[in-house]
Protein chains: 2
Amino acid sequence: MITLTTVPPEPVTRSPKAEQTRQNIVDTAMRLFRAGGYDRTTMRAIADEAGVSIGNAYYYFSSKEHLIQAFYDRMARDVATEAESVLDRETEFAERLSGVLQTWVTVAEPYHEFAGKFFKNAAEPQSPLSPFSPESQQARDDAIQMFRKVMDGSSIKLNPGLRAAMPELLWLLHMGVVLFWVYDDSEDQRRTRTLIDKAVPLVDRTARLTRLPLVRGLVDDMLDLINSLKR
Amino acid sequence: MITLTTVPPEPVTRSPKAEQTRQNIVDTAMRLFRAGGYDRTTMRAIADEAGVSIGNAYYYFSSKEHLIQAFYDRMARDVATEAESVLDRETEFAERLSGVLQTWVTVAEPYHEFAGKFFKNAAEPQSPLSPFSPESQQARDDAIQMFRKVMDGSSIKLNPGLRAAMPELLWLLHMGVVLFWVYDDSEDQRRTRTLIDKAVPLVDRTARLTRLPLVRGLVDDMLDLINSLKR
DNA sequence: ACCGAGTTTTGAACAGGTTCAAACCTTTGG
DNA sequence: CCAAAGGTTTGAACCTGTTCAAAACTCGGT
């Protein structure tokens, strides 16, 4: 799912009418956020514009920030779809990796402005929105699974131990890119794109070096480090 | 100063009385933050407890978050002092680096529990608490300066281009360790200490490899990448 | 002692996110 | 069709960060 994180699937059964109201609120909120910015859009304005009461908005979304969450969930679906098509097309490791990462940036672009708000929530260690939280397990696994596909679909040869760890490492790289992106204030997040364009070939070449005897010891120790940090 | 972030040095001349009031407010705030957490401590409570008016608290600290900065500044001084003595003692690169990082963890330990509480506030890109914010420039520079000393005081030999970039890279490594630390829920942050113990030798060995012809091209490209990301 | 120019202090008022008890509506079992 | 149970809706009230105009204080110069 390649995203900062996602909520667990909604367990609640909801009437179609209610679902519609819920959607209406999200849509209205997003429209207003995009028009006037997150901070300057008040919950009162959202409720008014959506034709519901403030209390009702809070019935569906337990906070203003949760509105953004719903937004991200939608984005996650888009990324998954787009990335899939890239992976069907490309066969080179570097192309596959950069394709997935660039897809993320492209899909995420319209939401960059809110990213910080959302990120703030996700950053709190005990928050369920944190990418490391138990609640995010599913989303995390899905994302790692996607990076496994990136590896499996390519014929790159590397240190066997490393290969096994690659999906998780690429997910970490992805988290790093997301982190960079959140803080990237350049026009159209150009710097993030540059980062991906230049970092991916580096990763590619570095990964290939891991079969050299001279580097192999280093890699083994790194894998050992990673292993000893698993909880 | 090795810290998450800090304000630039206060340029304002202040009467001793005023300075005392200011200190009083910070002290009170920190006491209440530790007792009840950042979010649940109100500005009113802080002002009351400190025996000043709300407005007065805002005269000294332009926002609740700025109170935290003052706190960080204090911690930064402690770290700087402690780390200094480590650097006077050690001469090996690995020892110097790990000494500085471990010092940070030790000094920061008492605050770990509530670090997460307000880490989320620092995570927001436009927050002055963000380690990348303009307000943190001074603290960032100080910290980088400290890592420059880590390099300069050791005789490690590495790729010249890399050497120039090392202070900044080590600061980034430090930020990574801080990030890990914030999420580290192990007893006494043991995992963070493990991370430092194992990662530092890896960094050491990797850095030494950068003079090999085979790796040199890689390093140059990495430096080029870093350079092109500077704003 | 008095004046004026800062500096410091005050608290009422404001803004906007959030809560909650009550009212309203829909569905289900009998 | 009725009533109970549960789902949905309401908006006034609450909470807390922040602002601001006015008051109080400090101190060098006369």
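Chain letters run A, B, ... following the sequence lines, proteins first, then strands; residues in each count from 1. When reading the values below, keep in mind they use all heavy atoms of this one structure, side chains included, and skip hydrogens, waters and symmetry mates. Computed from a predicted structure; not experimentally measured.
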statement: With sequence neighbours left out, the residues meeting salt bridge (Lys or Arg N to Asp or Glu O under 4.0 Å) with A:Arg140 are none

message: Expressed as a whole number of angstroms, how long is the span from B:Ile46:CD1 to D:dT18:P?
response: 10 Å

statement: Closest of D:dT8, C:dT18, C:dC14 to the B:Arg44 side chain is C:dC14

message: Without decimals, in angstroms, what is the distance between B:Asp39 CG and C:dG17 P?
response: 16 Å

message: What is the separation between atom CD1 on B:Ile25 and atom C1' on C:dT9, rounded to the nearest whole Å?
response: 10 Å

message: Side chain of A:Thr42 only, heavy atoms from C-beta on: which candidate in C:dT10, C:dG17, D:dT8 is closest?
response: C:dG17

statement: Quick note, A:Tyr59 side chain, CB onward, closest among D:dT8, C:dT8, D:dT18 is D:dT8

query: Choosing from C:dG11, D:dT9, D:dT18, which nucleotide comes nearest the side chain of B:Tyr58?
result: D:dT18

- request: On DNA chain C, check which nucleotide each of A:Asn56 and A:Tyr38 is closest to and give me the residue with the more 5' one.
  value: A:Tyr38

query: Is a side-chain donor or acceptor of A:Arg40 paired with a backbone partner of A:Gly36 at a separation under 3.5 angstrom?
result: yes

- prompt: Looking at D:dT16, D:dT9, C:dT18, which one has an atom nearest to any side-chain atom of A:Thr21?
  reply: D:dT9

task: Could you check whether the rings of B:Phe132 and B:Trp171 sit parallel, tilted or perpendicular, using 30° and 60° as the cut-offs?
output: perpendicular

- prompt: Expressed in angstrom and rounded to an integer, what is the separation of A:Leu67 atom CG from C:dG16 atom P?
  reply: 17 Å

message: I'd like to know if the side chain of A:Arg191 and the backbone of A:Phe180 have a donor-acceptor N/O pair within less than 3.5 Å.
response: no

field: B:Ile54 CD1 to C:dC14 C1', straight-line distance once rounded to whole Å
entry: 12 Å

- line: Nearest-nucleotide check on DNA chain D, B:Lys64 vs B:Gly55; residue mapping nearer the 5' end is B:Lys64

message: How many whole angstroms separate atom CZ of B:Arg40 from atom C1' of D:dC14?
response: 19 Å

- request: Specify the separation, in whole Å, of atom CD of B:Glu19 and atom P of C:dT7.
  value: 15 Å

query: Of all the nucleotides listed (D:dT8, C:dA13, C:dT18), which has the minimum atom distance to the side chain of A:Tyr60?
result: D:dT8

- prompt: To the nearest Å, how far apart are A:Met43 CE and C:dT19 P?
  reply: 10 Å

- prompt: Is the closest side-chain donor-acceptor distance between A:Asn24 and A:Thr28 under 3.5 Å?
  reply: yes

